[in-house]
Amino acid sequence: MQRASVPYFLILPSFLLAAAIILWPLKEIVSLSLHDVNRFGMLKDFIGLEHYRSLFANPDFIAATWRTLFWTAAVVIGTLIVSVPIALILNEDFYGRGIARILIMLPWAISLTMTAIVWRWALNGESGMLNSALRDLGIINTNIQWLAEASTAFPMQILIGILVSVPFTVTIFLGGLSSVPEDLYEAAATEGAGRWDQFRLITLPLLKPFINIAFVLNTIYVFNSFPIIWATTQGGPANSTDILVTYLYKTAFRMGRLGEAAAVSLIMFAILIIFTILYVRLAMREEKQ
Amino acid sequence: MAGLQIKQLAKSYGAMNILHGIDLEVRDGEFLVLIGPSGCGKSTLLRMIAGLEDISSGELWIGDRLSNGLPPQQRNISMVFQSYALFPHMSVRKNIGFGPKIRRESAAAIDAKVGKAAETLNLHDYLDRVPRQLSGGQRQRVAMGRTIVREPDLFLFDEPLSNLDAKLRVQMRTELKALHQQLKTTMVYVTHDQIEAMTMADRIVVMNAGRIEQAGSPLELYDKPVNKFVAGFLGSPAMTFIPGTLERGDGAPKVRTDNGTIIPVGDTTAASGQPVEIGIRPEHYRLAPDGNGFAYHVEVIEPTGSETHLFGTISGVAVRCVFRDRLAPEPGTQLSLTVDPAKVHVFDAKTGNRI
Amino acid sequence: MAGLQIKQLAKSYGAMNILHGIDLEVRDGEFLVLIGPSGCGKSTLLRMIAGLEDISSGELWIGDRLSNGLPPQQRNISMVFQSYALFPHMSVRKNIGFGPKIRRESAAAIDAKVGKAAETLNLHDYLDRVPRQLSGGQRQRVAMGRTIVREPDLFLFDEPLSNLDAKLRVQMRTELKALHQQLKTTMVYVTHDQIEAMTMADRIVVMNAGRIEQAGSPLELYDKPVNKFVAGFLGSPAMTFIPGTLERGDGAPKVRTDNGTIIPVGDTTAASGQPVEIGIRPEHYRLAPDGNGFAYHVEVIEPTGSETHLFGTISGVAVRCVFRDRLAPEPGTQLSLTVDPAKVHVFDAKTGNRI
Amino acid sequence: DTVRVTIAEYSKGTGPYFEEAAKAFEAANPDTKIQIEVVPWDSLQQKLTTDISAGANADLSIIGTRWLLDYVKEGIIAPLDGNITPDFKARFIDTFLTPSVMDGKVYGLPIAASARAMYYNKDIFAKAGIDTPPATWADFKTSAEKIKALGTETYGFGLQGKEIETDVYFYYGLWANGGEIVKDGKSGLDSKAAIDTATLYKSFIDGGLTQPGVTSYSREDVQNLFKQGKVATVITAPFLSGQIKNEAPNLNYGVAPIPAGPDGGKGTYGVTDSIVLFENSKNKEAAWKFLDFLFTTEQRTKFDKIEGFLPVNAEEAKDPYFADNADLKVFTSLLPNARFAPVIPGWEDIAQTTSNAIQKIYLGQGEIEPTLKEAAAKINETLK
Amino acid sequence: MSKKLKRSILFWLFLSPIVVVILFPYAVMAISSLKSATEVLNPTWWPDELHWQNFPEMWRTSGIASALANSLYVSGLSTALTILVSIPAAYALSRYQFAGRNAFRQFLLISQMLSPIVLVIGLFRLVAGAGMIDSLNVLVIIYTAFNIAFCVWMLQSYFSTIPRDLEEAAWMEGASRTRTLFTVFLPLAVPAMVVTAIFTFINAWNEFVIALTMLRTEGSYTLPIRVFSLVAGRYTVDWHYVMAAAFVASVPVAILFAWLQRYLVRGLSIGAVK
Ligand SMILES: Nc1ncnc2c1ncn2[C@@H]1O[C@H](COP(=O)(O)OP(=O)(O)OP(=O)(O)O)[C@@H](O)[C@H]1O
Ligand SMILES: Nc1ncnc2c1ncn2[C@@H]1O[C@H](COP(=O)(O)OP(=O)(O)OP(=O)(O)O)[C@@H](O)[C@H]1O
Ligand SMILES: [Mg+2]
Ligand SMILES: [Mg+2]
């Protein structure tokens, strides 16, 4: 009925823009990762997969990879678990809802790095306000050195990660919730569905596409997220909180091994692609059923 | 199973009053039909009974429980929505089986119930489609199915058959009646279909502008409407009214219209000389066998197959008559009609109340 | 203004065939009513005419233009959707005035048109509400309003009155007829209401399962249904069928049912001894004045006010009769009935076609 | 023509100072425009890397002198010898110029210089009954134990264990014990001196003589603890005294040399940042002129006063501000023993490896000897 | 009414832990920004003296005013541009079937996957090659490109929930596709557009790495660069100024939230299918 070219015409601008920021840099990175490169990105000999080989022989890299997967899973799943009930509440009508919405979105108002820096400061062992607050409340009596070792630092970083992902996620969900017609809940309620059943059988399935967006995008963002870990521990002490991005940053800009860094980023890219394609396939198959 | 007691129930949206103190008792096991013009508050009343709409004032008793604040889940009510409210992400099967599923019935039991409902509703071929892929009538049937698989204390139906064809509608009507007979569950049913109302109801409630005009058995309402509104609303085509003056001469009272036409009326409390309006249902006009009835000027003839509808005037007032026979008078001719005086309703010209 | 020519129009969703080659001509200025059971493809056909649904095969001519690929905006068609499709973010006023606004008519002109439509539709009090705040019937009226403010080449109506009460429906029907008379615009109208179909249509098209069963004037369809489907579908309550064998003895043909009941029939091409089914409309039964008709065993009596519906059996077959008079036979009694032989329809027992 | 200068931001005074200097210079040289591009220190390496990789780098830039070799090796930086006159050269205190000399050529000028000494809290020392700052590490430990005995949650040794210069904090002990970072092209991390130092530091930590959780304290954090009187000592650069003046004016502190080892080994850390001229600069002459201007005594004095750096200019050092400042005198007196980061390729790599190893030891996650040996082996790899 | 009150109390109780955690850094920020230079290192919750003058001083010394303007310019413009580009794409994805539809969606996702930290080298070479460094407009375009994927995905999911027959009704009334988009479709998509607008704005508002790489001169710096330079690697950090700056930087965004949140949820309130 329509000229077949219309949709292509419609997606063209976005396609061009997205392609511009990805294709050219991607080509650069690929060639960096296959060459011996000086610290300023000048290509020397072609060395094939040498960078990859040395990476996979590096226990720090392997450890960082596993940690990254854990970090991503923990933050993303934690975020979703926290965000769904919050979004549901914020979608209800109650006194102070507007304020509550603003409050929940507030962590977004300051850049991630700034938030992370404030947290780093608040987590300081001796002059951090978290310890002093906890002491005032009588919860602890000796200061906890939050960032001194991974066992306390990493959970805190995950917590911060969740905290700063919540606004984004809640906002997506709110947008999604607004598309569920009210009478479906009414019908479900008269059929005897309690709040939980309504949530399980109506809200959740209708929110599915939005949960999928939140899940996929959060995964990508968290997987690539740099500031929280960098600002609090720079991946330390002794690489024990390194994730792939911080590892990559150090490799690239501290050590000046751009080739290896490019290889790291391509490996990260591959992990993400495999993950999302699997997920998107799965989600779409479900949608079709 | 439960009856309903509604006391001075009122509803307002902001400053707008939609229901002005409804008093109504629905007996346990009764089939109650709500009718009234579009926008008079039928759906609103139903939704208040279901617990979907806050009660502005008054009391709602379900069984012997004051239920004003009870959430809908706890009322054990089943309802067909005027908007259907089908779950767009569920197949027809899942939509119909929703209630039993919530009640954690076994898969086999759910299957059986859904199967039975689909049978009744002629939906077996569509069980695996989603609502988006259904026609309007099919959707409505799914909404109906979702309701009838349950065994609630109270059924609420909001125009559940409006999108079905006549044949299916008759069939569904019978099924619903049978369901009611079998379950003896109280049912409150909103409809615009006169026949539905008349044939299904134990009692009909006529609403108008947020008030109850009359409640009673179908024939009571048909035969003895308390006022012009009920008289005019019930029956299709509607009753027409002719103004005139009551005259009690020798014995039988009659009404003299503005141009002097005389129409004999039955029992009435009206005083002689009182201005009245008489109402006659279109189907009660008969051709005067001997030509000595009152004059009817035919203007338009509309055959419907089984009947013939005539449009014309009596004493200058537009009047529609319906004849079972297929008549074919020329437009412009004059017929002589009579009406059984017992079938002429007399209303006070001022208040509109039956007298 | 434009007529329609539809040639072998077909529609399928994937492997599912919904319309199987529809051939239909709608004359310029004609009022065509589409009826058929729920899900038979009426809305689909309408949507194809409107350009909202792709045409799988066949040709659609609007006026003298092959319009298969024409976008809906360029067809100058106005349509009332079965789902209303009101714009939820616009007031009633804006909804109704949408078309003229799009056509950049002056604010004053729009206002006037909206005012007039609101008048006709009894919507003046609701002009500033949004659809969410309206009752079902009010929504439907708004949908109607949006359509009638325009002067398109073709009107399409998809069950536009199904949610209105009888009185309003009659009124709307008259308005629509008047509109048609005045504009002489072609109208295609889907309805489930028999009376609507019979009274409004210049021609009725009966559809079934994606095919046209019969097209013709209302009385043609009522009097001479080409097959059992049309006969059974048109008329409410529906015609019932009684199987038997045709016998041509001395002169007038008659049918002998399984238990030997004899029913005289009118003109028919059926051969003597041929197995047939006869169809009789419920309203055509008469009490045999002298008691020498055929036997009817009464089971249930259902008074509707103006009529009395009887359920019972003739020769073991369930048959419904409708009488204008208020009868009150006891269930279980036996009545003697007759039917004017000209009103008995004879169908081939195998093919179901009229013979 | 325009000379673009990338400036690392040391403090809030950095940007304004250079803007002002640029204006002054432009006033004197109307046909040259100076464009100052201020970059936060932490992002400097990244910025330089991207800039250079796209050939969009400025004409002049500040870089850490310790990175210089890596840059020179790539042929990115232009030697300045052609412009340097003996006169010009004579402006500098030699110690600070030498780190920028490679293969006999001057590749950068020391824009910022500093050294490290030990700040100590006189009040805490007095409370614990200590009169003089510790001269040796053994003394230091005894003093720290006395301070711990006060039981006031104050700690004798403010030990840095996180982020930039974590390794340097370790070198103080290493040098005192007679060790070297790199000796004969091999890492000194597996030497006895290194092992002794690690053992010593670890004994401080285990004895509760340092603030708890050292691996969560960066240089800033330890300085802050010192300002708050929570640690009795901190080893850091001159600029701390400036901060104390502003933020903790009541703090009663002194500055002393870093403690010596058992054999009298001493060492402070000297650092310079260099300003370099890029090989691809199209305005080398104008750029040089600006450099010349920046290294006049007047400009140097102004800058070092703002930032709290040590004078690199001999004339400047005579300025009463530097000459009569008790704190600064300690730093200048230490300069003869100052050691600079060795001129080796991959310095950051080595520093990182060292930091990691030390952090592991501080955390008790690795036995001292094997951890150091492993790190040394890794460093030797890099050095090859 | 009292039902609503009860509900409100319950909800706030539930929200309170998260609200406390969210507000914690803000409290730290707010309190620290009012402390004096000497006090700012002490973890006290209530300063001895409120140093309001921190704000004007910070304003004067940090050059935050022009940074604020730059950030508003970049964020505002890229938000507008992103939405402009995303709407047609999302519309095409939700209303047309065409070959490559899924491929395009996945491509968009893939465009998000490379960490900006790496991407920046390649991007910078591209921009430098075009001779467009130090331009805020280049930032606008890059930010737009980065946000397209999210916006298109989000809008598309939402668009799919808008009943088709509303559009159809508009077409029948003679409205062109474009007209329909603007008069019928988009007004219903307001919540989704608000979400995407907030998202794009925030991303642009907070972005650091790319801005740092592309921008050169004081006059063009955006807020994050300004605020970070107060902390990042200086020998001494004036925490009270940093906190004051961070606070000021978050105010415009908070105002934006306050304004937009009301548009965020506006149920379609159309029956499921009727
Ligand atoms: N998207 C779809 N996919 C598959 N089947 C569909 C789809 N849409 C409609 N149908 C089927 O097409 C048939 C015709 O639908 P249509 O809406 O035209 O019926 P109708 O005659 O208007 O019925 P009603 O009177 O109930 O509105 C129905 O059986 C319906 O289930
Ligand atoms: N949210 C609302 N705000 C204001 N008025 C409303 C709202 N909802 C409904 N109304 C009004 O309340 C009145 C009663 O509505 P209701 O839906 O009960 O009518 P109804 O009797 O079911 O009509 P119909 O037969 O047309 O469905 C109508 O006039 C309607 O316009
Ligand atoms: Mg209603
Ligand atoms: Mg339909």
Side-chain angles (χ1 to χ4, degrees), chain A residues 7 10-11 13-14 17-18 20-22 24-25 28-29 41 89 91 94-96 98 100-103 105-115 117-119 122 127-129 132 163 171-172 174-175 178-179 181-184 209-210 213 217 220 224 226 245 249 265 269 272-273 276 280, chain E residues 7-8 11 15 19 21-22 25 28-29 41 43 85-86 88-89 92 96 98 104 108-115 117-119 122-123 126 144-145 148 150 152-154 157-158 161 191-192 195 198 202 206 208 224 227 231 246 250 253-254 257-258 261 264-272:
Chain A
L10 292 176
I11 64 172
S14 47
L17 271 170
I21 58 145
I22 172 122
W24 167 270
E28 295 271 297
I29 294 166
I89 287 182
N91 194 42
F94 66 99
Y95 293 114
R101 286 212 197 121
I102 299 173
L103 282 180
M105 287 196 276
L106 216 49
W108 230 358
I110 305 193
S111 69
L112 205 45
T113 319
M114 238 2 257
T115 316
I117 287 170
V118 175
W119 270 102
S127 45
M129 288 170 110
S132 88
L163 208 65
T171 312
I172 291 187
L174 279 178
S178 73
S179 69
E182 187 60 25
D183 62 356
L184 297 189
F210 298 92
I213 298 183
L217 288 177
I220 295 175
N224 279 333
F226 176 71
V245 205
Y249 186 86
S265 69
F269 189 50
L272 276 180
I273 287 191
T276 24
V280 169
Chain E
R7 195 168 49 191
S8 306
F11 285 171
L15 289 176
V19 167
V21 183
I22 283 172
V28 171
M29 226 165 71
L41 293 176
V85 173
S86 303
Y96 292 90
F98 56 96
F104 176 62
L108 283 182
L109 258 196
I110 287 172
S111 75
Q112 298 289 290
M113 289 180 192
L114 276 178
S115 154
I117 291 175
V118 211
L119 224 43
L123 267 182
L126 192 67
T144 303
I148 280 178
F150 167 80
V152 172
W153 268 63
M154 182 75 198
S157 295
Y158 194 87
T161 68
V195 173
I198 292 181
I202 297 288
N206 288 334
F208 175 65
V227 179
V231 240
S250 65
V253 180
F257 285 165
Q261 63 87 14
L264 196 56
V265 177
R266 248 191 10 184
L268 285 182
S269 335
I270 321 163

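Sequence lines set the chain letters: A, B, ... in the order given, protein chains first and strands last, and positions in each chain run from 1. Since we're looking at a predicted model, the values are computed, not measured.
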Colleague: What's the shortest heavy-atom distance between A:N224 and E:M113, and which atoms?
Modeller: ND2-O, 2.9 Å
Colleague: Using heavy-atom distances under 4.5 Å, tell me whether E:V21 contacts chain A through its side chain, its backbone, both, or neither.
Modeller: both
Colleague: Taking C-beta and beyond as the side chain, do E:M154 and A:L217 meet within less than 4.5 Å on heavy atoms?
Modeller: no
Colleague: Let me see the working for A:I172 and E:W153 under side chain to side chain contact (heavy atoms under 4.5 Å, CB included), right down to the final yes or no.
Modeller: CA-CA 11 Å; A:I172 291 187; E:W153 268 63; over 6 Å; no
Colleague: On a heavy-atom basis, which atom in E:A92 and which in A:I11 lie closest, and how many Å separate them?
Modeller: CB-CG2, 3.9 Å
Colleague: Could you tell me if the side chain of A:T113 sits less than 4.5 Å from the side chain of E:P224, heavy atoms only?
Modeller: no
Colleague: Do the side chains of A:M105 and E:I202 get nearer than 4.5 Å, heavy atoms only?
Modeller: no
Colleague: Show your working on side chain to side chain contact (heavy atoms under 4.5 Å, CB included) between E:F11 and A:Y95 and close with a plain yes or no.
Modeller: CA-CA 9 Å; E:F11 285 171; A:Y95 293 114; over 6 Å; no
Colleague: Report the distance from atom CD1 of E:I148 to atom CG of A:L17, rounding to the nearest 0.5 Å.
Modeller: 4.5 Å
Colleague: A:I273 versus chain E, heavy atoms under 4.5 Å apart: side chain, backbone, both or neither?
Modeller: both
Colleague: Can you tell if the side chain of E:L109 reaches within under 4.5 Å of the side chain of A:I220, non-hydrogen atoms only?
Modeller: yes
Colleague: Need one label for A:L163: side chain, backbone, both or neither, based on atoms under 4.5 Å from any heavy atom in chain E.
Modeller: side chain
Colleague: How close do E:S111 and A:I22 get, heavy atom to heavy atom, and via which atoms?
Modeller: CA-CD1, 3.5 Å
Colleague: With respect to chain A, which residue among E:V152, E:L108, E:V195, E:V19 yields the maximal number of heavy-atom pairs within a distance under 4.5 Å?
Modeller: E:V195
Colleague: Please report the shortest heavy-atom distance between E:A254 and A:A109, naming the atom on each side.
Modeller: N-CB, 4.5 Å
Colleague: Please look at E:F104 and chain A and tell me whether the side chain, the backbone, both or neither of the residue comes under 4.5 angstrom of a heavy atom of that chain.
Modeller: side chain
Colleague: A:A20, A:G96, A:A122: which one forms the most heavy-atom pairs within less than 4.5 Å of chain E?
Modeller: A:G96
Colleague: Determine whether A:T171 and E:F257 make a side-chain contact, defined as any pair of heavy atoms from C-beta on separated by less than 4.5 Å.
Modeller: no
Colleague: Tell me, side chain or backbone of E:I110 under 4.5 Å from chain A's heavy atoms, or both, or neither?
Modeller: both
Colleague: Using non-hydrogen atoms only, which part of E:S86 is less than 4.5 Å away from chain A: side chain, backbone, both, or neither?
Modeller: neither
Colleague: Report the option among A:I89, A:T115, A:V118, A:I29 that has the most heavy-atom pairs separated by less than 4.5 Å from atoms of chain E.
Modeller: A:I89
Colleague: Flag the one option from A:L106, A:L112, A:I213 with the top tally of heavy-atom pairs under 4.5 Å to chain E.
Modeller: A:L106
Colleague: Can you check whether A:F94 reaches E:L15 side chain to side chain, under 4.5 Å on heavy atoms?
Modeller: yes
Colleague: With rounding to the nearest 0.5 angstrom, report the CG to OH distance, A:L10 to E:Y96.
Modeller: 6.0 Å
Colleague: Could you tell me which of E:L123, E:L114, E:V28 has the largest number of non-hydrogen atom pairs under 4.5 Å with chain A?
Modeller: E:L114
Colleague: Working to the nearest 0.5 angstrom, can you tell me the gap between A:W108 CH2 and E:N206 CG?
Modeller: 10.0 Å
Colleague: Only pairs of heavy atoms separated by less than 4.5 Å count here; which of E:S8, E:S250, E:A258 has the most with chain A?
Modeller: E:S8
